[in-house]
Amino acid sequence: MGKKAIHFGGGNIGRGFVAEFLHTAGYEVVFIDVMDNIINELQNTKSYQVTEVSEGGETTKTITNYRAINSKTHEQDVIQEISTADIVTCAVGPNILKFIAPVIAKGIDIRSTPKPLAVIACENAIGATDTLRGHIESHTDSERLKTMGERAQYANSAIDRIVPAQPPNSGLNVRIEKFYEWVVEKSPFGSVGHPDVPAIHWVDHLEPYIERKLFTVNTSHATAAYYGRYAGKKTIAEAMHDSYIRGVVRDVLKETSSLIIDKHEIEAQEQQDYVETIIARISNPYLEDSVERVGRAPLRKLGRKERFIGPAAQLAERGMKYDCLLGSVEMALRFQNVKDDEESAELAKILKENSPADATVQLTGLERTHPLFSSVVKVVDQVQSEAKETGQPRI
Ligand SMILES: NC(=O)C1=CN([C@@H]2O[C@H](COP(=O)(O)OP(=O)(O)OC[C@H]3O[C@@H](n4cnc5c(N)ncnc54)[C@H](O)[C@@H]3O)[C@@H](O)[C@H]2O)C=CC1
Ligand SMILES: O=P(O)(O)OC[C@H]1O[C@](O)(CO)[C@@H](O)[C@@H]1O
């Protein structure tokens with residue numbers, strides 16, 4: 001039997017990144033999703049196309065050898081597939097991990113194959129596989145946990161590739177940037193050995209990679225999105241074309257770079273080169289990427305370990321400068337009541353109903369005694385005051 005991968009989330013990253021590279025590595029990919037339209041399309045087509053878009057033109061790859069199952073209606077089938085698979089991946093969003101865990105737990109529990117299942121969550125979050133593992137374990141009988149290692153091995157990953165919302169009527173086809181990075185921990189696989197996926201860069205220690213990625217790519221991208229929306233820009237490329245916003249993004253990246261260089265002992269020149277690559281990527285005029293997509297889910301993005309509070313907290317602990325990051329936090333707080341974004345409505349509600357300090361705790365998870373806390377409270381207070389004056393955030 002050939003190699004089989006089960007991938008949760010047939011969305012943009014699922015089809016355009018994870019499945020593409022699993023397919024290239026020779027896996028049959030079984031997509032699991034809860035959206036009828038995605039599942040139906042995947043079941044009714046034999047191939048779709050991934051088109052890389054760059055200054056150098058376009059390159060198209062055809063993805064085949066996949067199936068699809070709706071986990072809402074066919075849970076038992078998903079469990080059976082997992083029980084005989086080689087690898088499980090997901091790209092569903094960090095908040096969805098708890099919902100896919102029970103079915104994965106059941107699939108792992110009935111495995112009798114000699115090789116453990118490799119589980120790799122591909123989300124924009126630090127330790128996403130650990131989070132998924134925690135949920136899987138909480139759905140596993142305590143006696144069975146003792147032998148879990150024989151049935152599954154868990155590795156954290158960092159993934160990076162910009163996949164904007166797709167043009168209407170694209171079907172399953174995905175337009176995507178050429179650049180990609182997929183870094184995964186090697187050590188959890190021990191003597192069994194890691195799966196054979198050539199696109200993956202296997203490393204012993206993931207933290208420097210994921211922090212460098214999250215605090216450079218995602219910090220800058222989200223900063224451009226929040227400042228861009230505030231300035232009335234439609235796309236990230238348009239925002240990055242604005243010299244003021246471009247300057248702000250560079251200033252923010254100076255702060256996160258100082259942390260990355262200090263904490264992970266990455267050479268200053270290497271980090272600077274990385275910053276230039278990222279600025280060029282997010283400025284790519286060939287990707288029609290809306291400020292709303294990149295700014296989506298502001299509550300998650302304001303989280304304790306996330307792209308703004310994560311680096312700002314660590315900089316504050318080290319007595320280093322973080323005020324430009326506070327500017328990004330302020331703009332993120334103004335991302336309220338955005339169409340089709342539930343978190344942006346929840347953000348507005350939290351800001352309306354709480355004192356600055358309570359809202360800060362609720363939104364960021366920062367400890368009241370943390371050296372960053374009072375600065376964030378001031379920013380929250382500022383945005384709340386604007387809303388009191390005008391009935392809405394200044395935009
Ligand atoms: N789009 C991008 O440029 C990048 C996205 N990411 C990360 O990848 C993840 C997915 O992002 P996108 O592909 O852009 O989002 P998306 O919204 O295009 O895809 C998510 C998919 O998950 C599915 N899903 C939701 N609940 C599910 C469930 N219970 N079971 C199975 N499937 C379920 C949705 O129906 C959807 O098809 C996120 O964590 C994001 O942060 C990471 C790097 C780049
Ligand atoms: O849901 P999130 O965290 O914004 O994830 C998607 C982001 O990840 C990135 O792809 C970078 O890899 C950004 O393009 C994109 O905005």
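Because only heavy atoms are used, hydrogens play no part in the values below, and waters and symmetry mates are left out as well, while side chains stay in. Since the model is a prediction, treat every value here as computed from it, not as a measurement. Counting starts at 1 for both ligands and their atoms, in listed order.
Looking only at protein heavy atoms, the nearest one to atom 20 (C) of ligand 1 is A91 O, 3.6 Å. Atom 18 (O) of ligand 1 has its closest protein heavy atom at N12 N, 3.0 Å. What sits closest to atom 36 (C) of ligand 1 on the protein, heavy atoms only, is D33 OD2, 3.6 Å. Ranking protein heavy atoms by distance to atom 19 (O) of ligand 1, first place goes to G11 CA, 3.3 Å. Summary of contacts: the protein heavy atom closest to atom 9 (C) of ligand 1 is E123 OE1, 3.3 Å. The protein heavy atom nearest to atom 41 (O) of ligand 1 is N124 CB, 3.2 Å. Distance from atom 44 (C) of ligand 1 to its nearest protein heavy atom, with residue and atom name: R161 O, 3.0 Å. The protein heavy atom nearest to atom 3 (O) of ligand 1 is V163 N, 2.9 Å.
Under 4.0 angstrom from ligand 1, the non-hydrogen atoms of R293 all belong to its side chain. Counting heavy atoms under 4.0 Å from ligand 1, residue I32 touches it through the backbone alone.
Heavy atoms of R296 come nearer than 4.0 angstrom to ligand 1 in at least one pair. For the pair K72 and ligand 1, no heavy-atom separation below 4.0 Å is found.
A donor-acceptor contact under 3.5 angstrom links the side chains of H370 and E317, judged on distance only. A side-chain donor-acceptor contact under 3.5 Å links N70 and D36.
Shown here is K178, whose NZ atom has no more than 12 heavy atoms of other residues, nucleotides or ligands within 6.0 Å. Environment of NZ in K72: crowded, with over 12 heavy atoms of neighbouring residues, nucleotides or ligands closer than 6.0 Å. A 6.0 Å sphere centred on NE2 of H264 holds more than 12 heavy atoms belonging to other residues, nucleotides or ligands. E342 CD: 12 or fewer foreign heavy atoms inside a 6.0 Å radius. Surrounding NZ of K4 are more than 12 heavy atoms belonging to other residues, nucleotides or ligands, all under 6.0 Å away. No more than 12 heavy atoms of other residues, nucleotides or ligands lie within 6.0 Å of CD in E288, so this atom counts as exposed by the packing criterion. For E267, the CD atom is loosely surrounded, since the number of other residues' heavy atoms within 6.0 Å does not exceed 12.
Set against the non-hydrogen atoms of I38, the atoms of ligand 1 under 4.0 Å away are 37 (O). Proximity to I100 (heavy-atom distance under 4.0 Å) selects the following atoms of ligand 1: 28 (C), 29 (N), 30 (N). Interface atoms of ligand 1 facing I162, defined by a heavy-atom separation under 4.0 Å, are 3 (O). Near M35, meaning under 4.0 Å from one of its heavy atoms, ligand 1 places the atoms 35 (O). Atoms of ligand 1 found under 4.0 Å from any heavy atom of G93 (numbered from 1 in listed order, with element): 9 (C), 38 (C), 39 (O).
Rounding to the nearest 0.5 Å gives a distance of 7.0 Å between CD1 of I200 and CG of L22.
Backbone and side-chain nitrogen or oxygen atoms of I96 are examined, and none is located within less than 3.5 angstrom of a nitrogen or oxygen of ligand 1. Here's the thing with I13: one of its N/O atoms is less than 3.5 angstrom from an N/O atom of ligand 1. Between K213 and ligand 1, no N or O atom pair is found at a separation short of 3.5 Å.
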Between E386 and R334, does the salt bridge (Lys or Arg N to Asp or Glu O under 4.0 Å) criterion hold? Intermediate values first, please. CA-CA 10 Å; E386 289 163 16; R334 294 195 176 114; 2.4 Å; yes
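Across A239 and K233, no two heavy atoms sit closer than the pair CA-CG, 3.9 Å.
Checked for salt-bridge contact, K106 and D109 miss the test: no charged N lies under 4.0 Å from a carboxylate O.
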At less than 3.5 Å, what protein N or O atoms come close to the N or O atoms of ligand 2? Include the distances to 0.1 Å.
residue, atom, partner, partner atom, Å
ligand 2, 1 (O), R296, NE, 3.1
ligand 2, 1 (O), R296, NH2, 3.0
ligand 2, 1 (O), R300, NH2, 2.7
ligand 2, 3 (O), N124, ND2, 3.2
ligand 2, 3 (O), R300, NH1, 2.9
ligand 2, 3 (O), R307, NH1, 3.4
ligand 2, 3 (O), R307, NH2, 2.8
ligand 2, 4 (O), K301, NZ, 2.8
ligand 2, 5 (O), N124, ND2, 2.6
ligand 2, 8 (O), N124, ND2, 2.5
ligand 2, 8 (O), N218, ND2, 3.1
ligand 2, 10 (O), R161, O, 3.2
ligand 2, 12 (O), D160, OD1, 2.7
ligand 2, 12 (O), R161, N, 3.4
ligand 2, 12 (O), K213, NZ, 3.1
ligand 2, 14 (O), H221, ND1, 3.1
ligand 2, 14 (O), R293, NH2, 3.3
ligand 2, 16 (O), H221, ND1, 3.4
ligand 2, 16 (O), R293, NH2, 3.4

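The side-chain contact (heavy atoms from CB on, under 4.5 Å) search around M320 returns S258, D262, L315, R318, not counting sequence neighbours.
When distances from atom 32 (N) of ligand 1 to the protein are checked, a heavy atom turns up under 4.0 Å.
Side-chain atoms of R246 never come within 3.5 Å of backbone atoms of S283 as a donor-acceptor pair (strictly under, hydrogens ignored). In terms of modelled atom types and a separation under 3.5 Å, the side chain of R111 and the main chain of I82 share a donor-acceptor contact.
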